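Data first, discussion second: the structure below is written as structure tokens.
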Amino acid sequence: MPDPEGEAATAIASLRFTVTLADRSIAIDLTMLSGREVLAQPLAGALWRACQVGGPAGSVSTAAAYANALKLFWRYLESASPSVTRLPHVSAACIDGFDAWMEESGLHPNHRLHRMSKVLNLFRLAEAAEPGCLPPDASRRLMYTSDRPGVRNRPRDAYGDDVATALRNAARADLTTVVGRFAEADCIPTLDEIARSNALSVAHNRAMTVIDAEGAIGHRHPVFKRLYTLRRESGLPNDRLIHDLHGRRHLLAADLVPLMVLLSLDTGLEIEAIKDLRSDCLKNSAGGYVEIEYCKRRSRGAEWKRLRVRDGASSTPGGLIRKVLQWTASARSRLAAGTLWAHFAWGRLTPRVLATKELVASWTERHGIRDEEGEPLRLNLTRLRKTHKAAWYRRTGGQLDRFVVGHSVSVAASHYADIPALRHIHEATIADAMTDALDAALHPCVLSSEQEAAVRADPDTAIGLPVSGRAALNELFSGEQDVWLASCGGFYKSPFAAEGDACWSPFWGCLECSNAVITARKLPALLSFLSFIRAQRQSLSEADWITKFGRVHGRIADQILPRFSAVEIEQARQIAASDPTLIYLPPEAGAP
């Protein structure tokens, strides 16, 4: 194993080195920093250390972002601070000047903060390697990133149910195609048995033998060229011949998109975690379930996590991964790779998922998938996790303790629950809460026969009634102040009008009035009115009926009638049937 100190010294001296992270490599070239070698070398050493195992650069893309941020800092020095040539020359004013320079250049606030944080990280690593190399004010300045505000990121939204269904259906259709393709691995593609000539069959078998022996066959291979010529002479298409041949032994690049889409929609795993799955990711299979071990690089110090999912046929996440393991076994063995997604792409076998933007666009276009506005969908794979989370949020009724999987409660609330796709749920919850509060505030005062008798016998027990005192109670119970549906505690002391003025509330507003007292004597009128509003369903649409009568119907059927016995209700119903004057209604009752 090479000496890391020697490797670091070589990297610092040459200002270029190779970074290998997560089975991927990238060349870091900092030679443009020449001219300030005394300043460039310790920062190049800091970047080299950042790219080692356990360093802040956990992937090659992050390592490249560190290098680009350092190059941007160099351009600032060349334009604004040419005298800064070594670490002791770097002051707090110089660092703040870089921040201001990026802002003045029109860089987005969040991009500015990202670049600023990476440059400051490199200075921190340089100071850790050589304590005291920076002036005291610069060292203190490293304690925070910027005093300029950023912009709150708009969280990615989830896809709607229709889009999610279309994605899932398209992915499952492609999965079925891939399963059938491997099941018929030895068949000549697009060629009927009757049209198969012996020479063409031999050429096809020889091409497959080359693939089995070497892993792949190139366009210029004599065996492939022979097969190509025979197919052309037979009038068969050759535009996808190379993919048809390799697709009998390996997954193709185009196969990865539907498989990853399906896995993300079914599990909610981050797309970058799915891309980096290892061939040994399945753990602890038992009872129809299995754990998927994955790496979440953003979780510093706890990158490796596990998610328990269903296991069985290819319709389950565990079964799907087992299928992929089966299909990629040959490629992984030939590449000696521990990654899950070994496949054929660009004329060779590769162990990693390569660029997917073009493949994603081609896949959605091929299936004709549309977005919520009916336009061709521009699929963003990172939104699939949000889509899974939104569906789970709806199933759990917004219970965060059941919704939180793989992140903290605060992240679940701000990044996964507070998104436009779930806003209607939150608005409906607020509306329901306000309705419940209003119902509680306007709950009618209902006295059962037993309670009425108790109050008549002892007026001191009249707690919660709108009147007090024997005289007032006698007036209330005698019917002297009755309105149609209730006994009124004060027709000229209405909560809906000034004291002394007559109550102007609609007649069924009594059921939500604090002055109303409902006793068994009013049951016939209530039952007559209940029959009337139920009959109105025949002449009104459901939405109009709910708007007009839904609330009062709930008051009578759910809150008032249950307080009385079945015998009392039946007697009241007979009285209502024999007295048609009880159902006299003012014009607003039947108005549309």
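As the structure is a computational prediction, the values presented were derived from the model and not from experiment. The figures here come from the full heavy-atom set of this structure, side chains too, leaving out hydrogens, waters and symmetry mates.
The shortest distance between side-chain heavy atoms of Thr85 and Val38 does not fall below 4.5 Å. Between Ile369 and Trp363, the closest side-chain pair of non-hydrogen atoms falls below 4.5 Å. Proximity of Ile26 to Thr18: side-chain heavy atoms (C-beta onward) are nowhere separated by under 4.5 Å. Between Val19 and Trp48, every side-chain heavy-atom pair lies at or beyond the 4.5 Å cut-off. Between Lys296 and Leu269, the closest side-chain pair of non-hydrogen atoms is not below 4.5 Å. Using a 4.5 Å heavy-atom cutoff, the side chains of Arg385 and His388 are not in contact.
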Contacts table for residues 283-290: side-chain donor-acceptor under 3.5 angstrom, sequence neighbours left out:
| unit_1 | atom_1 | unit_2 | atom_2 | d |
| --- | --- | --- | --- | --- |
| Lys283 | NZ | Asp280 | O | 3.2 |
| Asn284 | ND2 | Glu291 | OE1 | 2.9 |
| Ser285 | OG | Asp311 | OD2 | 3.3 |

In residues 341-349, what donor-acceptor pairs under 3.5 Å come from side-chain atoms, sequence neighbours left out?
| unit_1 | atom_1 | unit_2 | atom_2 | d |
| --- | --- | --- | --- | --- |
| Trp341 | NE1 | Ile274 | O | 2.7 |
| His343 | ND1 | Trp341 | O | 2.8 |

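A donor-acceptor contact under 3.5 angstrom links the side chains of Ser59 and Thr62, judged on distance only. In this model, a donor atom of one side chain and an acceptor atom of the other lie less than 3.5 Å apart for Ser25 and Thr20.
Aromatic ring pairs are classed by plane angle as parallel below 30°, tilted from 30° to 60° and perpendicular above 60°; the pair Phe98 and Trp101 is parallel.
Legend: salt bridge (Lys or Arg N to Asp or Glu O under 4.0 Å) pairs involving residues 109-121, not counting sequence neighbours, sorted by first then second residue: Asp99-Arg112.
For Asp137, there are no salt bridge (Lys or Arg N to Asp or Glu O under 4.0 Å) partners two or more places apart in sequence or in a different chain. His89 meets the ring pair (Phe, Tyr, Trp, His ring centres under 6.0 Å) test with no other residue; sequence neighbours excluded. Residues meeting the side chain to side chain donor-acceptor pair (under 3.5 Å) test with Asn169, sequence neighbours left out: none. A search for salt bridge (Lys or Arg N to Asp or Glu O under 4.0 Å) contacts involving Arg141 returns Asp96, not counting sequence neighbours. Contacts of Asn238 classified as side chain to side chain donor-acceptor pair (under 3.5 Å), with partners at least two apart in sequence or in another chain: Arg231. Applying the side chain to side chain donor-acceptor pair (under 3.5 Å) rule to Trp327 yields no partners; only residues at least two apart in sequence or on another chain are considered. Residues meeting the ring pair (Phe, Tyr, Trp, His ring centres under 6.0 Å) test with Phe123, sequence neighbours left out: Phe73. Applying the side chain to side chain donor-acceptor pair (under 3.5 Å) rule to Asn380 yields the partners Thr382; only residues at least two apart in sequence or on another chain are considered. A search for ring pair (Phe, Tyr, Trp, His ring centres under 6.0 Å) contacts involving Trp74 returns nothing, not counting sequence neighbours.
Salt-bridge check for Arg148 with Glu103: passed, with a basic side-chain N closer than 4.0 Å to an acidic carboxylate O. By the 4.0 Å N-to-carboxylate-O rule, Asp162 lies too far from Arg370 to be salt-bridged with it. A salt bridge links Asp266 and Arg172; the closest N-O separation between the charged side-chain nitrogens and carboxylate oxygens is under 4.0 Å. Note on Arg181 versus Asp174: no salt bridge recorded, every NZ/NE/NH1/NH2 to OD/OE distance being 4.0 Å or above.
Taking a 6.0 Å sphere around NZ of Lys71, one finds it holds more than 12 heavy atoms contributed by other residues, nucleotides or ligands. For Arg366, the CZ atom is densely surrounded, since the number of other residues' heavy atoms within 6.0 Å is greater than 12. Within a 6.0 Å sphere centred on CZ of Arg306, other residues, nucleotides and ligands contribute more than 12 heavy atoms. Counting non-hydrogen atoms of neighbouring residues, nucleotides and ligands closer than 6.0 angstrom, the CD atom of Glu365 reaches no more than 12 such neighbours. Around atom CZ of Arg308, more than 12 heavy atoms belonging to other residues, nucleotides or ligands sit under 6.0 Å away. Counted within 6.0 Å of CZ on Arg334, heavy atoms from surrounding residues, nucleotides or ligands total more than 12; the atom is thus considered enclosed.
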Let me see the working for Cys94 and Leu77 under side chain to side chain contact (heavy atoms under 4.5 Å, CB included), right down to the final yes or no. CA-CA 9 Å; Cys94 176; Leu77 293 180; 3.9 Å; yes
Check against side chain to side chain contact (heavy atoms under 4.5 Å, CB included), Asn121 and Leu142: CA-CA 8 Å; Asn121 271 346; Leu142 300 182; over 6 Å; no
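In terms of heavy atoms, Phe224 sits closest to Gly218 at CB-O, 3.5 Å. The minimum heavy-atom distance between Ala207 and Leu245, with the atom names listed, is CB-CD1, 4.3 Å. Summarising the geometry of Leu134 relative to Leu87, their closest heavy-atom pair is CD2-O, 3.5 Å, with the distance given to 0.1 Å.
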